[in-house]
Amino acid sequence: MLLDIRNLTVEVEGKVVLKNLSLSIGFGETVLLMGPNGSGKSSLIYTLMGHPRYIVKEGSIVFKGKDVTSMSTEERVRLGLGAALQFPPKVYGLTLRALAKKIAKDDLEIETLASSLNLTNFLDREINVGFSGGEMKRAEIFLLLLQKPSLALLDEPDSGVDVENMVLVGNAIGKLLSDSGRTAIEKPSGLIVTHLGYISRYVLTHRTYIMQNGRIICYGPTENLVNDVLKRGFDWCTKCYGDRFPCTYVGDKI
Amino acid sequence: MRVDEKIELLNRRAKLSLQTIPSYGPDVDLTNYIKDSTELKEVEDLKALPEDVVEKVKNIGIDLNSSSGTYMQVDHNLIYKKKLYPNVEILSLEDALNDKDFVEKYYWNLIDVGQDKFTAAAHLYGKGGYVIISKENSVTEFPIQACLFIKSKETFQAPHNIIVAEPGSTLHVVTGCATMPESVGLHAGITEFYVKRNSTVTFTMIHDWNRATHVRPRTAAVVEDGGTFINHYINLSTSGLDSLQSYPFVHLKGEKSRAFMSSIIVGRYSSHIDLGSAVKVSGRGSSAEIVSRTVSTDNSKIVARARIYSEAPNVKGHIECRGLILNDGSRIWTIPELDSTIKDVELTHEAAIGKLSEDIIFYLLTKGIGKDEAISMLVRGFLEVKVPSLPPLLEKQISVLMESATKFL
């Protein structure tokens with residue numbers, strides 16, 4: 001197992017944001033995480049990356065066989081975790097190129113990748129300053145592609161992206177997660193947070209988790225779950241109790 | 001007034017002002033510093049300089065292989081002077097003072113010798129200083145370099161520098177000032193700028209003092225019609241300093257004249273830095289901008305002053321003071337002031353003090369940047385100021401310098 005999250009409970013400033021959450025991702029697997037706004041999807045990403053405001057109260061996170069629950073962000077990244085954040089901050093005084101050069105030494109790789117994501121004109125601009133929502137997403141994915149993590153955490157890569165750029169973003173993520181140049185065990189895995197599900201058209205995923213109120217309530221094959229949820233809404237999921245095969249309901253039965 | 005009368009008057013006023021405590025900054029006892037220091041001889045080639053001096057000047061932006069003009073002073077001895085542009089004169093002050101006309105027009109005309117004990121001591125005990133004159137309509141591509149260096153123990157270094165840009169000329173000057181680590185010094189340089197009709201002067205000053213140095217430069221400029229004065233001050237004090245107080249004053253006397261004053265200050269250890277820029281605008285349609293970026297660490301204290309006073313119409317002025325406090329116990333105090341006696345002006349200011357954003361540091365950590373490096377990169381970015389009209393080569397040189405200086409934060 002590449003990532004194994006067991007019974008995780010997390011607080012931010014005394015407020016519980018994740019409750020008894022368990023989730024696992026195998027080597028080379030990509031999973032979708034869906035849920036309504038405020039259900040705790042981004043909190044999970046921040047917790048996995050070790051943001052100091054997200055305090056783990058119970059449970060554990062094991063990555064590549066190592067307990068990373070109390071590791072610093074630096075150590076987690078060194079082990080192979082990487083993230084594209086939903087709302088990355090504006091970084092005044094630092095250009096996208098300068099950061100890219102710290103991540104990847106190869107100038108040609110930077111130029112080629114930037115061009116493939118329509119970002120050439122943004123390389124010499126301050127990171128995210130004056131970027132539109134879609135431009136920020138593309139810049140995040142660009143940096144993640146340079147970083148080449150073993151597990152890519154992508155927070156809402158498809159929200160706020162227009163139709164033309166969705167193809168670029170979708171294909172870039174597809175490329176990141178299906179890197180054929182590596183051996184099976186080194187093939188990158190992915191955790192993609194989405195509430196729209198568009199990204200599932202571009203990326204082959206192994207299963208989908210549904211989150212609500214800080215918990216995973218259900219998981220199952222992507223094609224069944226995504227279509228049902230998009231048609232009927234997340235509420236339908238809470239009422240289903242996993243009676244519909246092949247989903248597995250793991251939430252509290254009310 | 002005859003020249004000898006002027007000198008006599010300056011001497012008299014200076015003697016009377018030796019006890020005058022300055023309005024800003026901590027006081028310094030002059031008697032600890034006013035002694036003779038080692039005499040050094042003028043050298044033919046900068047490469048013949050003592051090795052420790054050569055190493056140190058690299059940190060203050062002085063390029064020993066420069067194809068431009070250079071003036072170098074160690075303690076109070078002129079040790080090297082080179083003129084490369086036929087249209088730019090580089091003289092020592094001593095030589096320039098032989099010209100009575102020069103004394104009358106440019107010597108102590110912008111700064112009151114009796115302003116405080118430092119101006120008084122600079123006049124009575126200071127030695128050396130450079131005079132740079134760019135001739136009418138001449139343009140320098142590379143900056144003229146001036147380097148002022150304290151090497152001996154307990155040195156009082158107070159050169160008097162005079163820069164004159166004749167009408168229509170463009171002149172770039174870069175000055176580096178430093179002290180050797182083992183030296184104890186007081187630097188109180190006097191600098192007067194005469195920016196004449198339609199001329200442009202950019203003056204970049206880079207300081208790297210040590211922890212036992214007190215610095216009290218006194219600077220003033222007058223700008224005529226259509227003239228531009230750009231002053232860019234950088235003090236990264238990689239080794240800290242004891243105290244620094246300076247409040248350069250620019251008089252935009254001419255119509256459509258312009259001033260841009262920027263300061264980049266990093267306070268380290270227990271440095272006390274009190275620095276600002278003041279611009280008085282008397283010329284119609286003129287504009288002034290004052291920008292400061294300050295970063296405080298350790299127990300340092302930084303006061304960032306800025307003042308624009310307008311007495312002419314159609315004037316634009318803007319002050320921007322931004323401070324970054326890296327740890328508790330250090331202090332930044334910004335004092336922006338706007339003052340006008342005319343209604344038809346547009347004067348604005350913005351000031352902000354804060355810390356490095358934890359979310360941004362976290363963001364860089366998620367990209368695989370180490371914490372120390374992330375902080376350096378953010379501080380470096382914060383200190384970035386776009387200075388108009390600087391030659392690209394100098395911009396690049398400053399950038400390299402800032403890169404290495406912020407690594408130690």
Side-chain angles (χ1 to χ4, degrees), chain A residues 12 42 45-54 71-105 125-129 136 139-155, chain B residues 234 236 262-266 291-295 320-324 326 350-387 392 395-396 398-407 409:
Chain A
V12 176
S42 297
I45 303 266
Y46 279 110
T47 305
L48 288 174
M49 292 310 294
H51 193 293
R53 274 204 296 274
Y54 291 74
M71 264 189 196
S72 69
T73 303
E74 277 173 273
E75 289 171 297
R76 293 176 199 221
V77 172
R78 230 177 285 133
L79 258 184
L81 276 171
L85 302 180
Q86 184 185 8
F87 299 114
K90 294 181 173 72
V91 189
Y92 289 97
L94 185 63
T95 63
L96 188 58
R97 188 191 298 279
L99 181 56
K101 282 182 113 160
K102 294 277 178 192
I103 298 171
K105 299 280 169 268
R125 283 175 56 176
E126 292 169 302
I127 300 164
N128 301 324
V129 178
M136 277 191 209
E140 281 296 277
I141 288 153
F142 164 68
L143 293 169
L144 200 60
L145 279 161
L146 291 175
Q147 226 176 314
K148 302 184 184 70
S150 323
L151 175 59
L153 310 172
L154 295 136
D155 197 354
Chain B
I234 301 169
L236 304 169
S262 56
S263 334
I264 294 175
I265 315 274
V266 177
V291 176
S292 71
R293 296 276 188 279
T294 51
V295 174
E320 183 188 294
C321 305
R322 286 199 203 153
L324 190 61
L326 288 190
E350 52 176 311
I353 296 175
K355 61 171 183 174
L356 281 179
S357 151
E358 276 177 25
D359 282 335
I360 297 177
I361 294 174
F362 171 75
Y363 176 74
L364 293 180
L365 292 179
T366 67
K367 304 299 175 207
I369 310 296
K371 191 162 187 181
D372 290 346
E373 192 175 11
I375 292 173
S376 292
M377 285 164 86
L378 294 174
V379 170
R380 170 75 185 84
F382 172 82
L383 292 174
E384 191 71 44
V385 171
K386 181 75 194 143
V387 182
E395 257 182 357
K396 206 174 158 194
I398 292 171
S399 173
V400 171
L401 201 75
M402 304 244 307
E403 200 72 52
S404 69
T406 44
K407 271 192 186 133
L409 282 169

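In what follows, every chain begins at residue 1, and chains take the letters A, B, ... in the order their sequences are listed. FYI, side chains are in, hydrogens and waters are out, and symmetry mates aren't considered; it's all heavy atoms of this structure.
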- Message: What's the separation between atom CZ in A/Phe87 and atom CG in B/Asp359, rounded to the nearest 0.5 Å?
- Response: 13.0 Å

- Any chance you could measure B/Thr366, atom OG1, to A/Leu48, atom CG, to the nearest 0.5 Å? 12.5 Å

- Task: Take atom CD of B/Glu373 as the centre, draw a 6.0 Å sphere, and report whether it contains more than 12 heavy atoms from other residues, nucleotides or ligands.
- Result: yes

- Item | A/Leu144, part contacting chain B, at a heavy-atom distance under 4.5 Å | neither

- Query: With a 4.5 Å heavy-atom cut-off, do A/Thr73 and B/Lys371 have their side chains touching?
  - Reply: no

- B/Met377, B/Glu384, B/Glu358, B/Arg380: which one forms the most heavy-atom pairs within less than 4.5 Å of chain A? B/Met377

- Query: Given that the side chain runs from C-beta out, which part of A/Arg76 has a heavy atom under 4.5 Å from chain B: side chain, backbone, both or neither?
  - Reply: neither

- Query: Got a donor-acceptor contact below 3.5 angstrom from the B/Lys367 side chain to the A/Ala83 backbone?
  - Reply: yes

- Item | Donor-acceptor pair, side chain of A/Glu126 and main chain of B/Gly381, under 3.5 angstrom | no

- So do the side chains of B/Ile360 and A/Leu94 get within less than 4.5 Å of each other, counting heavy atoms only? no

- Would a 4.5 Å heavy-atom cut-off, applied to side chains only, mark A/Val77 and B/Leu365 as touching? no

- Task: Check whether any side-chain heavy atom of B/Tyr363 sits under 4.5 Å from a side-chain heavy atom of A/Glu140, and report yes or no.
- Result: yes

